[in-house]
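The structure appears below as structure tokens.
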Amino acid sequence: MDIAQLSERIVKGDRRALARAITLIESRRPDHRETATELLDSLRGTGRQAMRVGLSGTPGVGKSTFIEGFGMYLTGQGLKVAVLAVDPSSARSGGSILGDKTRMERLSRDPRAFIRPSPSQSQLGGVARRTREAVSLCEAAGFDVVLIETVGVGQSETMVAEMADLFVLLLAPAGGDELQGVKRGIMEIADMILINKADGDLKAAAVRTCADYAGALRLLRKRPQDPKGFPKAMTVSALEEDGFEPAWHEMQALTDWRRENGFFDARRAEQARYWFGEEVRHALLAQLETGAARAEMARLAEAVAEGEIAIGLAAREMVETLGRE
Ligand code: GDP
């Protein structure tokens with residue numbers, strides 16, 4: 001495969017080239033991985049920056065409805081929108097909570113939109129690492145907004161937040177006056193909370209829920225990367241396509257402020273450090289599974305099982321072996 005050619009086509013915004021490159025980064029074949037890494041390196045210097053928006057919510061809250069409607073709203077503004085996903089169920093069961101592009105039929109037909117379902121990998125870390133690379137590809141291809149969707153199950157949200165400039169939590173109107181068991185950690189990474197389904201009979205409950213969350217957000221520790229009024233809670237109706245404009249306006253206002261105040265670049269630099277660490281850790285773990293290291297692991301495991309060597313000492317020996325390889 002000619003990397004230079006593929007890279008050139010991606011930069012021109014060729015969607016088939018983009019799709020092909022994403023398939024390449026998702027491949028487990030070592031030669032594909034090598035090509036993918038070179039490709040990503042060759043695209044580093046495009047200077048293009050999309051707004052990367054992480055979006056999370058529990059199943060049924062209206063993520064696909066929101067992404068389709070909001071995506072159409074953005075393409076209607078002349079923007080190019082890519083939709084990617086980190087689906088933790090694809091790692092656990094090979095199944096999918098997030099479904100695929102058939103969910104967003106209108107958006108998938110929009111020439112300004114590009115939708116790609118979650119990669120399936122054996123571990124959540126793998127799903128996230130590959131999605132992060134797909135984000136860079138979409139950015140190099142000239143997309144203005146990259147939406148990265150995930151479901152509300154903890155770890156996957158943290159990973160999506162680590163590849164997004166802005167993290168949006170989608171919630172449904174609550175029945176009672178109780179916050180919906182949203183973990184504090186998730187509240188802390190949210191830049192915006194959107195209470196969806198603010199329509200019909202649910203509207204009043206949505207407005208109340210929104211006020212509750214606005215209150216809860218005010219109680220959280222103030223973060224330096226937030227201008228006045230953020231993190232923010234707002235209501236939307238994905239179904240009626242209501243509230244998109246104010247939500248988009250706030251996303252832009254927040255991003256502009258962070259850019260002007262250095263937080264945007266600082267965050268991306270911090271994320272680059274994070275993913276570098278993840279890649280190194282993963283590569284080291286993968287090394288344990290291969291060739292000589294694997295045999296040595298098995299040998300030392302037997303030795304500790306037989307009580308022939310202390311666990312700590314055996315572990316140190318193993319790590320030294322890896323260092324020599
Ligand atoms: P996901 O599982 O988070 O992707 O949720 P879906 O987008 O599939 O939506 C789940 C259900 O909620 C569907 O029946 C949608 O029609 C409904 N829904 C989504 N958004 C809204 C909304 O804004 N208002 C109302 N009333 N229903 C909605």
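Order of appearance sets the numbers: ligands from 1, and atoms from 1 within every ligand.
- Contacts between T58 and ligand 1, counted as non-hydrogen atom pairs separated by less than 4.0 Å, involve the backbone only.
- Ion pairing of E241 with R106 is present here, as a side-chain N (NZ or NE/NH1/NH2) and a carboxylate O approach within less than 4.0 Å.
- Ligand-side atoms of ligand 1 in range of P59: 2 (O), range being under 4.0 angstrom from any heavy atom.
- Residues E279 and R130 are paired through a salt bridge, judged by an N-O separation under 4.0 Å between the basic side chain and the carboxylate.
- Residue contacts with ligand 1, taken as heavy atom pairs separated by less than 4.0 Å, involve T65 via backbone and side-chain atoms alike.
- Between E149 and ligand 1, no pair of N/O atoms sits closer than 3.5 Å.
- On a distance-only criterion, E240 and ligand 1 share no N/O pair closer than 3.5 Å.
- By the 4.0 Å heavy-atom criterion, G60 is counted among the residues contacting ligand 1.
- Residue D242 places every heavy atom at 4.0 Å or more from ligand 1.
- Only side-chain heavy atoms of D199 come within less than 4.0 Å of ligand 1; its backbone N, CA, C and O stay farther off.
- Considering backbone and side-chain N/O of A198, none are found under 3.5 Å from N/O of ligand 1.
- Between E34 and R29 there is no salt bridge, since none of the side-chain N atoms of the basic residue sits less than 4.0 Å from a carboxylate O of the acidic one.
- Residue nearest to atom 4 (O) of ligand 1, selected from G57, S64, G62: S64 (by heavy-atom distance).
- For R129, the side chain to side chain donor-acceptor pair (under 3.5 Å) test picks out H282, with sequence neighbours left out.
- Between E139 and R52 there is a salt bridge, since at least one side-chain N of the basic residue sits less than 4.0 Å from a carboxylate O of the acidic one.
- For R299, the salt bridge (Lys or Arg N to Asp or Glu O under 4.0 Å) partners at least two apart in sequence or on another chain are E296, E317.
- Taking distance alone, with nitrogen or oxygen atoms compared against 3.5 Å, L239 approaches ligand 1 more closely than that limit.
- Taking the ring axis of F264 as reference, the NZ or CZ atom of R259 stays within 45° of it and closer than 6.0 Å to the ring centre.
- In summary, D191 and R223 engage in a salt bridge, as defined by a charged side-chain N under 4.0 Å from a carboxylate O.
- The shortest heavy-atom distance from S237 to ligand 1 is under 4.0 Å.
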